[in-house]
Asker: 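Have a look at the structure that comes next, please.
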Amino acid sequence: MNITVLGEARYPSPLPFHVNDKARVPFNVIINPDAPPQEELLFEVAGPRERLYFDPKHARAGIVTCGGLCPGLNNVIRSLVLELHHSYGVREILGFVNGYQGLDPWRGSEPIPLTPEFVEDIHKEGGTELNTSRGPVDVSVAVDNLIRRKVDMLFVIGGDGTQRGGEAILREAQQRGHALSVIGIPKTIDNDVAFVSRTFGYVTAVEEAVRAINCAHTEAHSVQNGISLVKIMGRHAGFIAAGATIASQDVNFTLVPEVPFVLDGEDGFLAALKRRVQKRAHAVILVAEGAGQHLFGAGDKQYDASGNLKSKDIGLFLRSRIEAYFEAENIPHTFRYFDPSYLIRSVPASAEDAILCDFFARNAVHAAMAGKTGLVIGLQHDTFTHVPIELITRRKKQLDLNSPAWLGVLAATGQKFAQFAV
């Protein structure tokens, strides 16, 4: 995977350790000798380079956070600033406010000068000190603004939609002849970014989801025929649901976007839930927001400001269907519904995620200072990599139903693989 560079790197790096620019990480490390040969993906290893493209004394950086909130956003901002300032000596760092809107001087506020003093304690708080928003920006206006402000490096923190925006800004800058390094840092608690084994915020989100599941289990277990339904985030992928199920060990049914299911009939979900309640007198259901969308039919499609298709509310739908089913079956029960979606993304990062945020940020700075552009920091086999933006934006990662993660879900819940699958 070749990475675009802005030009010859002429300035010596102040850092004592350097990564060979030819070092590569294979995407697949397990080789099946019986499988047909295929083209091997090799990713450039991230890290500091021996020579820099930008003169630190004259370089100016910009940072923007986009999309939904995620634990660790402030950690990434802080580490970007500290690496730029302390390791490379970059003194001018601008924080663009309110997502990509902040790149448009007619829509956004003035950028915030970011200093070590400004970011000193922000990692202790959830959210983002730069605020965030969804939606695109006029790339022509954005690049005009970046050129006017003499921004050489733009760090974009967000998911695939944010990275598509970064790619568009880069293309516009290239057409203008402006040497702009655009470096993406992958952000999504859903953990569904391709070529990134774990995105920051995911572990924290799982921990918070487990807290909700513990409460749901207590509620269900404390009454006769108690049923608790917990809806959590996961628009296209069920990684949070799978991780929380395995971590809690108290979930009886886990519903994810990757596994369509039927509700009715002897082999349907409702009948399986009935058997569980009759046998054990309680049940805990965990559903990802993107699960069961096939149950709604076509209908009107709605999109958010970033162009993402909005999921129909599977939580409220299941709540209605479960209560109606148990009433029709004349089975006394107590139903509890939990929706901690925004709670799990608004908290500060856990220690494990804080470390990951720091590594992502520092590797992003190394890439930018070396004059690399059009890449997102990836993570494969415990090694940070450079992934071309176009690869990130054109592929989604989903649960592998043969993976330890999903097999762990089946073992923890007792679900059969095809128990109520379509």
Side-chain angles (χ1 to χ4, degrees), residues 1 25-30 41 43-47 65 67-76 79-80 123 126 155-160 162-163 183-210 232-248 254 256-258 288 290 344-345 347-364 367 375-387 389 391-393 395-409:
M1 294 289 101
V25 176
F27 178 60
N28 293 308
V29 294
I30 299 176
L41 288 177
F43 291 103
E44 192 174 274
V45 176
T65 57
L69 293 183
C70 178
L73 281 167
N74 280 330
N75 301 68
V76 173
S79 292
L80 285 172
H123 60 297
F155 299 96
V156 294
I157 310 169
D160 55 352
T162 300
Q163 304 310 331
I183 307 295
I185 299 172
K187 175 232 70 177
T188 168
I189 62 172
D190 289 349
N191 198 36
D192 60 354
V193 178
F195 309 109
V196 183
S197 58
R198 180 163 62 85
T199 50
F200 73 85
Y202 165 70
V203 169
T204 306
V206 168
E207 290 179 357
E208 293 301 312
V210 168
I232 57 173
M233 290 185 168
R235 181 182 296 164
H236 302 291
F239 289 105
I240 299 176
T245 297
I246 296 170
S248 75
T254 300
V256 295
E258 293 88 341
I344 72 174
R345 74 178 196 176
V347 297
S350 66
E352 187 171 354
D353 270 331
I355 294 171
L356 187 61
C357 290
D358 186 77
F359 290 168
F360 270 125
R362 294 184 188 280
N363 279 298
L375 67 88
V376 177
I377 302 299
L379 177 61
Q380 290 291 333
H381 320 304
D382 288 330
T383 303
F384 290 90
T385 62
H386 296 156
V387 183
I389 286 184
L391 279 186
I392 292 285
T393 59
R395 186 185 298 192
K396 279 279 190 183
K397 185 175 72 174
Q398 287 191 299
L399 272 172
D400 178 354
L401 300 184
N402 293 313
S403 68
W406 184 245
L407 296 179
V409 168

Asker: Looking at every non-hydrogen atom in both residues, tell me the closest pair between Ala209 and Ala244 and how far apart they are.
Answerer: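 Heavy atoms only, the tightest pair is CB-CB, 3.9 Å.
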Asker: Just verifying a value: how many Å separate Trp406 CH2 and Ile246 CD1, rounded to the nearest 0.5 Å?
Answerer: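 Going from the CH2 atom of Trp406 to the CD1 atom of Ile246 covers 9.5 Å.
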Asker: Counting only heavy atoms not in Phe27, do more than 12 sit closer than 6.0 Å to its CZ atom?
Answerer: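 Counting neighbours around CZ of Phe27, more than 12 heavy atoms of other residues, nucleotides or ligands fall under 6.0 Å, so yes.
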Asker: So, the side chain of His123 versus the backbone of Ser79: is there a donor-acceptor pair under 3.5 Å, distance only?
Answerer: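 Absent.
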Asker: Provide the closest heavy-atom pair for Leu391 versus Phe195 in the form atom of the first, atom of the second, distance.
Answerer: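 It is CB-CE1, 3.9 Å.
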Asker: Could you grab the distance from atom CD1 of Ile232 to atom CD1 of Ile344, nearest 0.5 Å is fine?
Answerer: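 Going from the CD1 atom of Ile232 to the CD1 atom of Ile344 covers 5.5 Å.
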Asker: Any idea which heavy atoms bring Tyr202 and Asn191 closest together, and the distance?
Answerer: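 Closest approach of Tyr202 to Asn191: CD1-CB, 3.7 Å.
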Asker: To the nearest 0.5 Å, what is the distance between CD1 (Ile240) and CE (Met233)?
Answerer: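 Ile240 atom CD1 to Met233 atom CE measures 7.5 Å (nearest 0.5 Å).
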Asker: Whether the side chain of Lys187 engages the backbone of Gly68 through a donor-acceptor N/O pair (distance < 3.5 Å, no angle test) should be reported.
Answerer: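 Side chain of Lys187 to backbone of Gly68, a donor-acceptor pair under 3.5 Å: yes, one is there.
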Asker: For Gly378 versus Val387, what's the shortest heavy-atom pair and its separation?
Answerer: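 That closest heavy-atom pairing would be CA-CG2, 3.9 Å.
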Asker: Looking only at atom types and distance, does a side-chain atom of Glu258 sit under 3.5 Å from a main-chain N or O of Gly238, one as donor and one as acceptor?
Answerer: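 Yes, because the side chain of Glu258 sits within donor-acceptor range (under 3.5 Å) of the backbone of Gly238.
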Asker: Pick one: which of Thr199, Thr204, Asn75 meets side chain to side chain donor-acceptor pair (under 3.5 Å) with Asp353?
Answerer: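 So, applying the side chain to side chain donor-acceptor pair (under 3.5 Å) to Asp353 and each of Thr199, Thr204, Asn75, only Thr204 qualifies.
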Asker: When rounded to the nearest 0.5 angstrom, what distance separates CD1 in Ile157 from OG1 in Thr162?
Answerer: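 Reported to 0.5 Å precision, the distance equals 9.5 Å.
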Asker: Determine, stepwise, if the pair Phe200 / Ile185 fulfils side chain to side chain contact (heavy atoms under 4.5 Å, CB included).
Answerer: CA-CA 9 Å; Phe200 73 85; Ile185 299 172; 4.0 Å; yes
Asker: Checking Leu407 against Asn402 for the side chain to side chain contact (heavy atoms under 4.5 Å, CB included) test, could you report, in this order, the C-alpha distance in whole Å, the side-chain angles of both residues, the deciding distance, and whether it holds?
Answerer: CA-CA 7 Å; Leu407 296 179; Asn402 293 313; 5.6 Å; no
Asker: To check you understand the geometry: which heavy-atom pair defines the closest contact between Ala367 and His386, and what is its length?
Answerer: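 Where Ala367 meets His386 most closely, the heavy atoms are CB-NE2, 3.7 Å.
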Asker: For the atom pair CG (Leu356) and CZ (Phe384), what is the distance rounded to the nearest 0.5 Å?
Answerer: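 Between Leu356 CG and Phe384 CZ, I get 5.0 Å after rounding to 0.5 Å.
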Asker: Pick from Lys397, Arg395, Lys396, Arg235: which one makes a salt bridge (charged side-chain N to carboxylate O under 4.0 Å, His left out) with Asp192?
Answerer: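 Of all the options given, the one that passes is Lys396.
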Asker: Of the non-hydrogen atoms in Val25 and Gln380, which two are nearest, and what is the gap between them?
Answerer: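 Heavy-atom minimum between the residues: CG1-O, 4.2 Å.
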